[in-house]
Protein chains: 2
Amino acid sequence: MFDIKLDPNMSIHEQICGEVARLISLGILAPDEKLPAVRETAKALGVNPNTVQKAYAALEKSGLIYSLPAKGSYVSPGGKAAEAVKREAAAELRTAMEKAAATGLERDAAEALMDDIWGKRGKE
Amino acid sequence: MFDIKLDPNMSIHEQICGEVARLISLGILAPDEKLPAVRETAKALGVNPNTVQKAYAALEKSGLIYSLPAKGSYVSPGGKAAEAVKREAAAELRTAMEKAAATGLERDAAEALMDDIWGKRGKE
DNA sequence: TCATCTGTACTATTGACAATAATACAGATG
DNA sequence: CATCTGTATTATTGTCAATAGTACAGATGA
């Protein structure tokens, strides 16, 4: 299901959270779609089930998914999950920008990075 | 010297590195200027000297400062330090942008954040 | 010369946290 | 009734940040 190449520099459950959030935000995981079971995901990733459960618990706390005991875990309905992901992504990007601006990085330099990543044209 | 409000969510030596880097980048700490001694900084921040030394060692490894045993630690000359700070800040900002873009965040949203932080006009 | 300050090095301990291991329980599902 | 589900618990391991304490060698100034 998830094809994550585990980065030893980041905690596993954070990477799982990030990947699920990404898939939700992009619509690859649709609202009310069922996520793979905790144990299944753990097996697929070669990771302890507790670690996956920690990730799922965090995702539920953030409102991205909801879990029904003895049923499964599902993507939150109504697009609320996707919105939450983007909102959080924007918040983190803001923090990074503030940090960069604090070092005196010019706006032009930041703009050049944006061109690089999103493409030079505003709408694509 | 440094007025850092310690954030428990980040490691102390990282915060020291960040603050020194910021001061260098902004020119508040000039090239070849002497930094406060390890023990002095530790006392001022109410922190263990080992922690400060760890920060200074990291700064030297990054090329931001150079240390002369029995003399002191100094900002790297020729503006190389300030350049290094900005280069690293740009690299981190790029990473944050890539992450945000991966969640599907639109360029317009990112641009709005930039207006917020750097001001709407390109040059200030 | 000598006390002091400097960066540097080392060991040890504490606490927090990530991850693992191994169970266990209750509800649903077929 | 066996099985799968989410959930909970306890324990152990390893890593890392931070602290504590100590030590050494070079410089600096009185």
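Every chain is numbered from 1 and lettered A, B, ... according to where its sequence line falls, protein lines coming before strand lines. Here the structure is a predicted model, which means the values were calculated and not measured.
Taking CG from B/N48 and NE2 from B/H13, the interatomic distance works out to 13.0 Å, rounded to the nearest 0.5 Å. B/K43 NZ to B/E40 CD: the interatomic distance, rounded to the nearest 0.5 Å, is 9.5 Å. Rounded to the nearest 0.5 Å, atoms OG (A/S67) and CG (A/L35) are 8.0 Å apart.
Atom CD in B/Q53 sits roughly 14 Å away from atom P in D/dA18 (whole-Å rounding). Straight-line distance from the CG atom of B/L35 to the C1' atom of C/dT8: 16 Å, rounded to whole Å. One atom, NZ of A/K61, and another, P of D/dT7, lie 14 Å apart when rounded to the nearest Å. Regarding B/K43, its NZ atom lies at a distance of 16 Å from the C1' atom of C/dT6, rounded to whole Å. What separates CG of A/L68 from C1' of C/dT29 is a distance of 14 Å, to the nearest Å. In this structure, NZ of B/K34 is placed 14 Å from P of D/dA27, rounded to the nearest angstrom.
Here D/dT5 is the nucleotide among D/dT19, D/dT5, C/dT8 with the atom lying nearest to any side-chain atom of A/A70. Taking only side-chain atoms of A/H13, from C-beta outward, the nucleotide of C/dT8, D/dA8, C/dA18 with the closest atom is C/dA18. Set against D/dA17, C/dA24, C/dT6, the side chain of A/R39 has C/dA24 as its closest nucleotide. The listed nucleotides are D/dT5, D/dT19, C/dT20; the one nearest the side chain of B/V47 is D/dT19. Nearest nucleotide to the side chain of A/N48, out of D/dA20, C/dA21, D/dT5: C/dA21.
Considering only residues two or more places apart in sequence or on other chains, B/S62 meets the side chain to side chain contact (heavy atoms under 4.5 Å, CB included) condition with B/L64.
Both A/Q15 and A/P69 sit near DNA chain C, but only A/Q15 has its closest nucleotide nearer the 5' end.
Checking the phosphate oxygens (OP1, OP2) of C/dA18, a side-chain nitrogen or oxygen of A/K54 falls inside 4.0 Å. The side chain of A/S67 contributes an N or O atom lying less than 4.0 Å from OP1 or OP2 of D/dT7. Taking 4.0 angstrom as the limit, B/S73 places none of its side-chain polar atoms (N or O) nearer than this to OP1 or OP2 of C/dT6. Between A/K71 and the phosphate of C/dG27, there is no side-chain N or O to OP1/OP2 separation shorter than 4.0 Å. Taking only side-chain nitrogens and oxygens, B/T51 comes nearer than 4.0 Å to OP1 or OP2 of D/dT19.
In this model, a side-chain donor or acceptor of B/N50 finds a partner on the base of D/dG21 within 3.5 Å.
DNA chain C contains the following stems of three or more consecutive Watson-Crick or G-U pairs, with both distances under 3.5 Å: C:1-30 with D:1-30.
Think of B/Y74 as one node in a network of Ile, Leu, Val, Met, Phe, Trp and Tyr side chains linked at under 4.5 Å; its network also takes in B/Y66, B/L68.
Note on B/E14: nothing from the nucleic acid sits closer than 4.0 angstrom, heavy atoms only.
For A/E19 and A/R22, the salt-bridge test passes: some basic side-chain N is under 4.0 Å from an acidic carboxylate O.
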